[in-house]
Amino acid sequence: MAEMKTAAYICSGCGLGDKLDVPQLAKIAQKEGKMALVREHDFLCNAEGVQMIRDDIEKEAVTHICIAACSRRAKTEAFNFPSVAMTRANLREGVIWVVSEGADHDEVRQEMADDYVRMGCAELKKAKMPEGNPNHTHLKNLMVVGGGVSGMTAAFEAAETGYEVILVEKQAQLGGWADKLWKRVPFKAPYAEPQDTGIAELAAKVSSHPLIKVCLNTTVAETSGAPGRFAIKLAQESGAITEVSAGAIVQATGFTTYDIAKLPELGGGLENVVDHAGLEVLARAANGGAIKRTDGREIKSVVFLQCAGQRDDTGQHLPYCSGHCCATSIKQAIYFKDANPEVSTVVVYDDLRVPGMGEDFYRSAQHKGVIFAKGKASKVETAGTGCRVNYRDLILDADSILDADLVVLATGQVPSSGVNVVEWDRLTKEADGGSVEAKQQKSELKNISILNLTYRQGPDVPKLKYGFADSHFICFPYETQRTGIYTAGPVRRPMDILQATEDATGAALKAIQAAENASLGRAAHPRAGDLSYPIVRLEGCTQCKRCTVECPFGAIDEDEKRFPVFNEQRCRRCGTCMGACPVRVISFENYSVDTVGNQIKAIEIPDEFSEKPRILVLACENDAYPALDMAGLSRIVYSAFVRIIPVRCLGSVNTIWITDALNSGYDGVMMMGCKKGDEYQCHFVKGSELAGYRMSKIGDTLTGMGLEPERVSTFEVAITDNAKVAGFINDYVAQLVEMGPSPMKGFN
Amino acid sequence: MAKKNYAFYPGCSSQKGASASNFVPSIGVMCDKLDIQLNEIPDWNCCSASIGYGEGGQLSRLVLNARNLALVEQNMPGQDLVSGCPACWLATRETAEKLSEVDSLMADTNEALKEAGLNFKGTVKARHLVEVLIEDVGFDAMKAPVVKPLEGMKIAGYVGCQTNRPFGIAGESFENPQYLDKMIETVGAEAATGYEQKITCCGGALAFSEPEKSQKQIRDIVESAYDHGADMIVTPCQLCQANVEIYQSEINKKKGTKLAMPVVYYSQLMTVAYGGNAKQAGLDGNILRPQKLLDIATK
Amino acid sequence: MTASIATSQTILVVGGGISGMTAALEAAECGKQVILVERNATLGGRTALLYRYFPKMCHPTCGMEINLRRIKANRNVRVMTMTEVLDVKGLRGDYTVKLRLSPRYVNSNCTACGECAKAVDAEIDNPYEYNLAKTRAAYLPHNMAYPMHYVLDPSIIGTPDADKAKAACKYDAIELDMQEEIVEIKAGAIVWATGWKPYDAARIQPYGYDRFANVITSVEFERLASPHGPTGGKLLRPSDGKEAKNIAFIQCAGSRDENHLRHCSRICCMASLKQTHYVREAYGDSAKSTIYYIDIRVIDRLEDFYLQVQQDPTVGFIKSKVAKIVEDKESNLVLHGVDTEGYHRYATTHDLVVLAVGMEPETNGIKLPDDILLDSSGFIEGSNLPAGTEGIYGAGASSSPLDVNRSVQSATAAALRAIQVVHKTSTVEGVR
Amino acid sequence: MSELNQKAVAKYQNNFLKEVEERVEDGEWVSMCMQCGVCAGSCPLGPHWEHSPQKIFRMIMAGKRDEVLTSDSVWMCTSCYSCIVRCPRKLPITHIMHGIAHYAHRLGVAPKGQPTRELASVFWKNLVKTGRVNELKFSLAVYFKDGFSQGIKNLLGMQGIALGLVKAKRLNPMEIIGGHKCKDVGGIQKMLAKAKEIEDRRQGYTS
């Protein structure tokens, strides 16, 4: 590696030169920051300024640069020097745009800028160019678990892209639920008629694809490894085990239908009451002719009851809506009408939910004479040779009855998503504590596992809600907490065939991408492309297990000696492990306890008589830092006593930074992160929650130091809070001024 | 300039001594000034109006209207059928459209028409006189003959239902049509903007059978015109004109109100603006004297 | 015309909203070369103008920050804003695309310092506020704009204002003689992600959007709720700036209506349910939201959100398509209609009416490649070409009325289909 | 119960929707209603009737035959077309209302004494007789529909209006003797008879 040569570039454009003493900043970079090269420029981001930096990199062999100009979020196209380590001292959005105008504020403004230059230089000295994880992987094939529509689609689309696929299906044939349908809901204009499922054709294409290996009657007995190097044991029905490997995994294990036996009040269990799946059996048997009951009687009247055992707020049944059932009932009612228009078909619904072009399908059914009755069924009983449906007609506001030869209950989808890892974690703790019962339950639970991951954090992908293994994020629906494993189809969210097809295609891309990135040693979303990776000095490790427990992505296993084993390809580079580590042995090349710690220590702390408090702000780089930036952009003023450091995630904040800051004489610390709780917004799952937890424990330390606990505070800051965040700062500064200077001042 | 020819369907209300008969001369003056030649359809019959459905079936009503269309097709080739009465226009246009859409109805209609010695091929367009003014004449040409601008008058443009829905004037909104206000301005008067009863139904179809309900509608329409400071109401609908005008005294009697809002048909306004006298404008036919208009007409 | 700037291995993504950004990034993060073109001056599309997302009530700009960071970090994506597709010729694997680059009058020297905006006097309706507010004619679209460059509105070019802007810029960033450019590029596959536009509410005449100041659309309400919006996040009604505490939300404003949009726009029920939160957030127990609906269409887990709103005593539900709106003398709005559950006639007065306007595909009104197949509402259904020979794929709300989550799924799927094309083309050509 | 009605009941048994679809003008549209209620809120006579159009449609689908055919509400249509232009499913509601009223009248089950029903009969008779409607005869017939003394009362009540119209030459008392008529009244009458015959055949009243 080339010898480290540092340079600082100080811009005087955008008013920096008018508002700040730039030569003084240069002097600081040189004298205090110890930069080998310091240059000023009046327009650093223009072609000439950029060329100057490039020339230094080429001709002066500069390896580390500190740009003292605008925010790290600005002018990224200009300041793009991939071959060197870079830090940015934010003098524009962070200083001149947020400090009050006027000569009265010249002094504090300059002090703030001075400190940011000091911090930029200090960080630079500890930063390294990420070299990338040397443990490259080479597997780029996929394993797809589940041979229904979603699984077959994922496999086929990946194979069509040129990637090999192992498709694992526990049944003896491909097809899944969709293969049992007589027809499917239309997915093309004019959206009027049920269409062929096309499943047989898809299954044939999948089976004959040269890049797809189909394993029927097969389950996954064990999955270990990481993206780019998953090692999988497949179990045949016979018990034989085959070992295969894959670069990434798509889990498309679908759903089961809600058991109608749980709905006796709606006739579940009666002879002439079926669910959608039951009706498909009858429709297939009829083969386009008159649909008959199992007793052979031709059905002349049928009633569909929507939301059967769904949208339930009593806690007995499914609380959610399965989304497809209205269209499915419409489709099945059309089966009857198409075979014989004289058949009476009534759909009893509460809200008819056919979004998008489904409205045309609804119209088509109405046109064919299907009757839709807004109502709530209370009871289905046997009457005569059929059933009687008692319901409240909500339009006529009257109790009503319908007699029918057959009643179809529109029940919901229950995901086949394997083990609930939260439950698993609880049982593990109890079992480790010696509970025999928990141990027993755990082994039973393992029977339903789909992937049988050997991960410390449980054998399956974590569930979001109601057993669905969905992403928590609106913008990033493919996020799972297990890198390189993507769920697709109804296992992640109740859905119809059309959506499952789209979903599976997208999941195939994500799996391919994960394998490709792993092979290049790069991170997956949301720090896609990041070459830094956690480096651990195991010799210092005390086996406290905090990193393995707290890693939100299950990236860290434990070896037999209880040392952490980092699976870098599973890591998302959030730094939660670094924040967790009490002995500070975990770091990233460009983000470490030192890169931040050095910045904290670099600033000049005025003495206790100066009436100039200093507050450290550790701000989440995704939400709080942009909010602070935008406060600048909007010229919202906040106190010049804060010194802000962006962090990858509040979860990466190591308490040493806090204690170091307070020891150095800072008067307070503000931690700014995103929303916690069920609707958390942390893209690393629980960073702000962990930070909150860790800070709640820091109270004793503070008391020990003779400090008020209020000197460390956490704040929830959303990206839109640019005005609010300034308020937080100003209020907190006022609170600290009230409290008086830190007694730690002057002890250094 | 050559006059443009149209097959005119006056309708029952425009017959001599009927409720809309006083508009006939003003329509004549207006059309004359605008180079419109209206040729009465020979032996036209009733359209069956809004009330014919009770006794007459769908086909009977279609056939009645088809007869008029067939008369035009046979006797006045190339001419559009034009009516000043919205009910006549609506029934005829609905018939023309329905027959062109449904072949079986066309066949059935012709089977019945045969009894009257007629046949309809579907080539005639049914239009409202206002449509002709706006689409064939245009606002500029409508303005040209104005010799007595109706200055100082504020008029509430009451469009009503059937000239407006379901067909209306092309490009106009069902809820807030603008053309009548524009016509008011074209003749130099001020339109009462924001007149929110512009498209409220006057209940004309039920004037006889449900007088209370119909008169409630009329009261709202008239009172809102007062609220907007209007001197009079103008309407493109002959039925609305009659209904809104003649029942005001009845409402006053029952409700103790003092409604006396003149209501005129648009051709009356235009006739006065075009220099016609009170008689030509048929102002003597108004029960509630449109004094300001009369003043201008007699000036 | 300038030279080609891409190859048949390039994936062209049309539209820089969340779907287009996603398609571009997902392909680029698989190692593909991508050109992302956007008609507006910034990426972000319509989601950047939303205050919060349902059901998490998180901020769209949060995800946008991540996506922008991905774009800034990825050298495979080239972003072209103010660029429209004029014409697409060729076939799968070998398209020639004609692009029109409109002049921004500001070059990449711009540091977003804002001096030009201070210098000009002219104001224009701000399209990024749905014209609810004015902005100077030299402006930054919004705080999250990318590229973070100002724009000069063409209306000031040739006026003294333009010269003032130029004089104010210390960085030679303003180029008043910048011209429209037409360029041709090559692409192997195209992802069409032009998104949606709110249905023209003025056409729903009974609701008087064009007549009553206090009838606004759901997208405009997002701007009112946004702390970055024209009211600083206060729910103030347009006519008099009065606090709007009693708000009506009218569903299916344009959607499910053969006079307007045939389809159900899917997102509007959830959008209104979400917006009731804004009202509650602003006014607590004195808030009053009323949702007028035909069917509440919130599928899957979103049902939770519906249930939660139903339990909010400040929110009422009336099953009714509102027949008409009348404005009273205080500019309040009186809604007339019938609650069809049992038949109850109402005439209710509200401070503000929010029309949950439907999603009209932006494809209605822009020139599309010939082989794109549209459905009856104008959404991209697929291709006119035989299966396996197509190379243009609809993504996101250009393909169906989708929420953000599903748009991103759709865009990810479209990205894979595009990759398949360039992979197969390169295999045939022996490049790979 | 009238014979026609009995036959209809027998023919359609409990399938009232089918009966409406086959026999009521534009009845095939009824099943397209999605119960949004915009028609109910748009009707100017809304505050006066018991059953809104959308509710009538639901009643038809729910087989409430008697309630629908005897409903007073279907006779309250002013033909203002507000419902039609606002209906998101483009149902020709005005026509369906007219059609139901006509059908109920035809079967003889429409409400007795319903004023619009009576008026409509008088109107049609007036029309068929001459091919055109004579406003005076029509009005007199309406006023005297409930008998002579009520007719006089009605007439006295309206005399102000009538006198006004006479004065304005918009109501001609001489019309009572002669008045307008079409030349080809015979042809028109034959034509209407034929139309009824065809329609009856189509709607299965006759075979």
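On a predicted model such as this, the values are computed, not experimentally measured, just so you know. FYI, side chains are in, hydrogens and waters are out, and symmetry mates aren't considered; it's all heavy atoms of this structure. Chain letters run A, B, ... following the sequence lines, proteins first, then strands; residues in each count from 1.
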Peer 1: Mind ranking P88(D), G46(D), C83(D), C87(D) by heavy-atom pairs under 4.5 Å with chain C and telling me who comes out on top?
Peer 2: P88(D)
Peer 1: Side chain to side chain donor-acceptor pair (under 3.5 Å), that's the test. Do E220(C) and Y209(C) meet it? Break it down for me.
Peer 2: CA-CA 12 Å; E220(C) 290 165 356; Y209(C) 174 78; 2.5 Å; yes
Peer 1: Calculate, to the nearest 0.5 Å, the distance between atoms CZ and OG1 belonging to R223(C) and T217(C) respectively.
Peer 2: 11.5 Å
Peer 1: Looking at I294(C), D295(C), N259(C), which makes the most heavy-atom pairs under 4.5 Å with chain D?
Peer 2: N259(C)
Peer 1: Does this structure show an ion pair linking D257(C) with K321(C), if we count only N-O contacts that are shorter than 4.0 Å?
Peer 2: yes
Peer 1: Name the orientation class of the two ring planes belonging to Y205(D) and Y103(D) (parallel below 30°, tilted from 30 to 60°, perpendicular beyond 60°).
Peer 2: tilted
Peer 1: Enumerate by number any residue of residues 23-45 of chain D whose heavy atoms lie under 4.5 Å from heavy atoms of chain C; in the absence of such residues, state 'none'.
Peer 2: M34(D), Q35(D), C36(D), G37(D), V38(D), A40(D), G41(D), S42(D)
Peer 1: Provide the closest heavy-atom pair for Y346(C) versus V338(C) in the form atom of the first, atom of the second, distance.
Peer 2: CE2-N, 3.4 Å
Peer 1: Centre-to-centre under 6.0 Å for H350(C) and Y292(C), is that the case here?
Peer 2: yes
Peer 1: Answer yes or no: is there a donor N or O on one side and an acceptor on the other, between the side chain of Q13(D) and the main chain of N15(D), under 3.5 Å?
Peer 2: no
Peer 1: So for R256(C), is it side chain, backbone, both, or neither that comes closer than 4.5 Å to the heavy atoms of chain D?
Peer 2: both
Peer 1: Considering only heavy atoms and a distance below 4.5 Å, find which of P206(C), C252(C), A347(C), G337(C) pairs most often with chain D.
Peer 2: P206(C)
Peer 1: By number, which residues in residues 297-319 of chain C have some heavy atom less than 4.5 Å away from chain D?
Peer 2: K319(C)
Peer 1: Take Y283(C) and Y278(C) through the test ring-ring contact (aromatic ring centres under 6.0 Å, His included) and record every step on the way to the result.
Peer 2: CA-CA 9 Å; Y283(C) 302 118; Y278(C) 300 169; over 10 Å; no
Peer 1: Less than 4.5 Å apart, any side-chain heavy atom of S265(C) and any of W196(C)?
Peer 2: no
Peer 1: Contact between T94(D) and M97(D) at the side-chain level, heavy atoms closer than 4.5 Å - yes or no?
Peer 2: no
Peer 1: Evaluate salt bridge (Lys or Arg N to Asp or Glu O under 4.0 Å) for K112(D) paired with E118(D), printing each intermediate quantity in order.
Peer 2: CA-CA 9 Å; K112(D) 291 251 165 350; E118(D) 309 242 336; over 6 Å; no
Peer 1: Among R58(D), K55(D), R89(D), which residue forms the greatest number of heavy-atom pairs with chain C at distances under 4.5 Å?
Peer 2: R89(D)
Peer 1: I247(C) and A244(C): which non-hydrogen atoms are nearest, and at how many Å?
Peer 2: CD1-O, 3.5 Å
